[in-house]
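Notes follow once the structure below has been shown.
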2 protein chains.
Amino acid sequence: MANITEIARQAKVSRSTVSRVLNDHPYVTVQKKEAVLEAIRSLDYVPNRNAINLSKGKTNIIGVMVPQINHPFFNNLISGMGEACSRLNLSLLVTPTNNDFEKEKVSFDQLRYKQIDGLVIASTVSSAEFLAEVNRHGPIVSCEWSEGSHSQVYIDHSNGIELIMNHLIERSYEKIALCLGNPDSGVGKSRKNAFYEFVDKSKIIHLKEWYFEKKYSFEDGRAVMNDLYGLSALPRAIVVGNDYVAAGIIHQAKLLNVKVPEDLAVTGFDNQSISEAMGITTIDQPIHQLGIEVIKTIDSLINGQHKNVGNTLPLQLISRQST
Amino acid sequence: MANITEIARQAKVSRSTVSRVLNDHPYVTVQKKEAVLEAIRSLDYVPNRNAINLSKGKTNIIGVMVPQINHPFFNNLISGMGEACSRLNLSLLVTPTNNDFEKEKVSFDQLRYKQIDGLVIASTVSSAEFLAEVNRHGPIVSCEWSEGSHSQVYIDHSNGIELIMNHLIERSYEKIALCLGNPDSGVGKSRKNAFYEFVDKSKIIHLKEWYFEKKYSFEDGRAVMNDLYGLSALPRAIVVGNDYVAAGIIHQAKLLNVKVPEDLAVTGFDNQSISEAMGITTIDQPIHQLGIEVIKTIDSLINGQHKNVGNTLPLQLISRQST
DNA sequence: TTGTACGCGTTATCAT
DNA sequence: ATGATAACGCGTACAA
């Protein structure tokens with residue numbers, strides 16, 4: 001209710017002086033400063049953010065556009081961003097888009113409206129041309145690789161298989177099976193390629209019947225283990241593209257009295273909570289860190305660093321009892 | 001860049017008329033309206049949100065205060081809130097507090113600053129008196145039961161054990177064990193009480209050695225199963241306060257050739273993803289729905305419904321293969 | 001060191 | 001139906 005004018009009246013100074021006190025500007029005597037602070041206390045004054053925003057053309061709010069909130073990746077990302085924002089005294093405005101173009105436009109317009117100082121794009125269905133247009137109105141940073149010249153910070157997924165294979169080789173596993181989800185998806189293809197490249201250029205032994213695909217669930221994993229068990233030649237390790245499938249394999253392995261990792265080593269992907277619960281060696285995406293980095297990037301962009309950047313973060317291997 | 005004045009100049013009308021067109025107000029001829037719309041298009045104009053906010057004293061932003069973002073409960077809650085906000089054309093400002101009083105004050109001040117129209121408190125460490133004080137400056141709704149007269153919408157945890165026990169009785173399980181986490185926490189106490197009340201007033205059989213506490217992890221669950229297995233008298237079912245512990249019990253049961261649910265039925269709590277993966281009957285908290293309800297509540301509060309409300313949402317049983 | 005006066009972009013009120 | 005003009009609350013050159 002109380003505004004700067006009332007404070008000025010009560011403290012018997014001008015509004016400018018009140019403003020100076022509020023913003024810690026120099027050139028104000030201790031007496032007046034005290035008087036102003038006293039008036040602020042007694043009137044229970046708080047500055048109106050909207051007025052400040054209008055006057056400064058800045059809100060200290062960062063927007064983030066995500067397809068959905070209730071998803072491990074985006075949740076983790078938002079969490080990292082929230083932490084970094086809190087440190088930088090920024091606020092975080094979250095907009096779920098459901099991968100809907102119209103919803104995305106709402107978020108883009110917030111940037112043009114000056115409701116947010118910068119926009120972080122976790123994932124988008126909009127075109128590179130559209131992003132370029134939006135970028136003219138304010139800083140944007142994308143968390144996935146995409147065309148276009150705007151800033152990007154994203155996780156380098158290419159080396160996941162490499163990390164796992166090196167880990168297995170270090171531990172002297174040579175007969176290695178592979179179990180993927182959708183082999184035609186982007187990650188599926190790159191993982192499959194990486195695996196077979198590795199097989200070619202090393203002394204790893206890999207049989208045709210040691211390859212499984214389209215495995216997505218705990219139950220699928222149990223079935224894989226049963227299939228493996230029926231083979232005449234058993235691998236010593238299996239690389240799995242999903243923690244839940246890996247968990248199913250381990251579960252069934254124990255039922256079949258196959259010891260993990262002594263008889264069969266198992267690795268998962270994504271460091272889901274089930275992998276920690278069951279002690280599965282897996283690959284962690286530094287998503288939280290990505291959230292922090294992306295806020296640092298957009299913050300420096302907002303503060304005048306107008307050259308766009310492209311950074312990547314590497315994956316990390318989490319070694320547990322299953323290898 | 002372009003503002004309302006430029007539009008007015010280009011369309012050869014007054015700023016008032018532009019504002020009328022922008023807000024769909026009556027009393028403006030089709031010709032002038034067209035001229036204004038044309039100017040808006042040609043100058044690529046978007047209204048400045050901060051100016052509107054200042055002028056209207058309203059932002060259409062809802063704030064939400066959470067201890068942490070990266071937590072299943074709060075993530076789900078934020079997700080529901082995001083969905084509801086999107087439907088009501090509201091934005092969602094997320095503030096992680098880390099249960100720090102000072103961080104919470106930042107969020108409270110946003111309400112007083114008029115940066116947000118209403119505040120949702122997922123969980124707080126501040127006192128009821130403090131909340132009452134904040135409530136004088138703007139609408140707040142809390143997602144957990146608390147003292148004080150502000151609006152509250154929360155999940156009624158009291159009937160979880162009841163739902164499970166009725167379910168087990170329906171399926172004719174009579175010899176029932178209990179396995180809790182921290183027995184001295186709020187939920188621990190209420191679950192323990194509810195269980196033993198049930199035992200007293202029904203024909204359920206429960207032996208002293210069928211009670212376990214301070215079990216939190218998958219490994220703890222395996223140990224519980226081993227303990228059970230060593231007993232002379234086995235229960236036919238075990239009620240577990242945590243999905244991970246339940247998963248560990250089932251895992252170990254299979255290793256011991258104890259069939260689930262034929263020899264031993266197992267129930268979990270919280271409907272975590274591992275319970276779906278392993279087919280565990282569990283209790284679901286309607287958290288997403290809570291998020292939706294809480295936004296509806298604060299929205300009606302903002303729009304003049306100034307009587308405070310207190311609503312609860314019931315828990316739900318998810319029946320799967322483990323019973 | 002302090003105060004005056006204006007600008008920020010919009011909506012609302014009141015004439016006309 | 002339209003257009004001045006006054007809020008909204010604050011920051012800030014500029015003057016003193």
Side-chain angles (χ1 to χ4, degrees), chain A residues 1-40 43-61 109-117 137-138, chain B residues 1-40 43-61 109-117 137-138:
Chain A
M1 283 273 101
N3 60 23
I4 208 173
T5 309
E6 280 191 59
I7 304 297
R9 193 187 313 147
Q10 175 129 348
K12 302 192 186 308
V13 298
S14 75
R15 301 186 344 191
S16 312
T17 303
V18 178
S19 179
R20 287 196 187 92
V21 173
L22 250 28
N23 297 287
D24 268 326
H25 283 182
Y27 305 131
V28 48
T29 53
V30 206
Q31 293 88 340
K32 301 220 171 194
K33 184 167 183 175
E34 272 312 316
V36 168
L37 290 176
E38 176 52 33
I40 287 177
L43 292 176
D44 195 28
Y45 166 81
V46 280
N48 182 312
R49 261 279 145 208
N50 293 314
I52 298 176
N53 292 343
L54 174 59
S55 183
K56 292 201 165 176
K58 207 179 161 193
T59 60
N60 287 323
I61 301 179
D109 276 342
Q110 293 178 336
L111 192 61
R112 307 174 63 197
Y113 283 33
K114 301 285 178 203
Q115 182 159 21
I116 56 180
D117 293 344
H137 296 280
Chain B
M1 285 274 100
N3 60 23
I4 209 174
T5 310
E6 280 192 58
I7 303 297
R9 190 187 316 145
Q10 175 129 347
K12 300 190 188 308
V13 298
S14 74
R15 300 186 326 186
S16 311
T17 303
V18 177
S19 177
R20 288 195 185 93
V21 173
L22 249 29
N23 297 287
D24 267 328
H25 284 180
Y27 305 131
V28 48
T29 53
V30 206
Q31 292 89 340
K32 300 219 170 193
K33 183 168 183 174
E34 271 313 315
V36 169
L37 291 176
E38 177 51 34
I40 287 176
L43 292 177
D44 196 27
Y45 164 82
V46 281
N48 182 312
R49 263 279 146 208
N50 293 315
I52 298 176
N53 291 344
L54 174 59
S55 186
K56 292 201 167 177
K58 207 181 159 189
T59 59
N60 287 322
I61 302 179
D109 276 342
Q110 291 178 337
L111 191 62
R112 308 173 63 198
Y113 282 31
K114 301 285 177 201
Q115 182 157 20
I116 56 180
D117 294 342
H137 295 280

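Remember, predicted model here, so these are calculated numbers, not experimental data. A, B, ... follow the sequence lines: proteins, then strands. Residue 1 opens every chain.
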>> Could you measure the distance from the CG atom of B:Leu22 to the OH atom of B:Tyr45? Nearest 0.5 Å is fine.
In response: 5.0 Å
> How long is the span from the CD1 atom in B:Ile4 to the OG atom in B:Ser16, to the nearest 0.5 Å?
Replying inline: 8.0 Å
>> Below 4.0 angstrom, which residues in residues 24-35 of chain B have at least one non-hydrogen atom near DNA chain D?
In response: B:Tyr27, B:Val28, B:Thr29, B:Lys32
With 3.5 Å as the limit, what N/O pairs link the protein to nucleotides 4-8 of chain D?
{"from": "D:dA4", "atom 1": "N7", "to": "B:Ser16", "atom 2": "OG", "distance (Å)": "3.4"}
{"from": "D:dA4", "atom 1": "N6", "to": "B:Ser16", "atom 2": "OG", "distance (Å)": "2.5"}
{"from": "D:dA6", "atom 1": "N6", "to": "B:Arg15", "atom 2": "NH2", "distance (Å)": "3.2"}

> Has A:Thr17 got a side-chain N or O lying under 4.0 Å from the OP1 or OP2 atom of C:dT2?
Replying inline: no
>> Please tell me if A:Ser19 has a side-chain N or O lying less than 4.0 Å from either OP1 or OP2 of D:dC10.
In response: no
Side-chain touch [X]/[Y], heavy atoms, less than 4.5 angstrom:
X: B:Asn3; Y: B:Asn48; answer: no
X: A:Ile40; Y: A:Val46; answer: no
X: A:Leu43; Y: A:Glu6; answer: yes
X: A:Val36; Y: A:Arg20; answer: no

How would you label the contact of [X] with the nucleic acid (heavy atoms, under 4.0 Å): base, sugar-phosphate, or nothing?
X: A:Val18; result: nothing
X: B:Asn53; result: nothing
X: A:Tyr113; result: nothing
X: B:Asn23; result: sugar-phosphate

Can you measure [X] atom [atom1] to [N] atom [atom2] for me and round it to whole angstrom units?
X: B:Leu43; N: C:dG9; atom1: CG; atom2: P; value: 14 Å
X: B:Ile7; N: D:dT2; atom1: CD1; atom2: P; value: 17 Å
X: B:Arg9; N: D:dG3; atom1: CZ; atom2: C1'; value: 16 Å
X: A:Ile4; N: D:dC10; atom1: CD1; atom2: P; value: 5 Å
X: B:Ile52; N: D:dG9; atom1: CD1; atom2: C1'; value: 17 Å
X: A:Asn50; N: C:dT10; atom1: CG; atom2: C1'; value: 12 Å

> Do the side-chain N and O atoms of A:Ser14 and A:Thr17 include a donor-acceptor pair separated by under 3.5 angstrom?
Replying inline: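 Yes, side-chain donor-acceptor contact under 3.5 Å.
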>> A:Arg112: which residues meet the salt bridge (charged side-chain N to carboxylate O under 4.0 Å, His left out) condition with it, sequence neighbours left out?
In response: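 A:Arg112: salt bridge (charged side-chain N to carboxylate O under 4.0 Å, His left out) contacts with A:Asp109, B:Asp44.
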Donor-acceptor contacts under 3.5 Å from residues 49-57 of chain A side chains, at least two apart:
{"from": "A:Asn50", "atom 1": "ND2", "to": "B:Lys114", "atom 2": "O", "distance (Å)": "3.0"}
{"from": "A:Asn53", "atom 1": "ND2", "to": "A:Arg49", "atom 2": "O", "distance (Å)": "3.3"}

> What is the bend of the helix from C:dT1-D:dA16 to C:dT16-D:dA1 when you compare the axis at one end with the axis at the other, using five pairs each and rounding to 10°?
Replying inline: 40°
> If you look at every heavy atom in A:Lys58 and A:Asp117, which pair is closest and at what distance?
Replying inline: CG-OD2, 3.2 Å
Got a list of side-chain donor-acceptor pairs under 3.5 Å for residues 24-34 of chain B, not counting sequence neighbours?
none

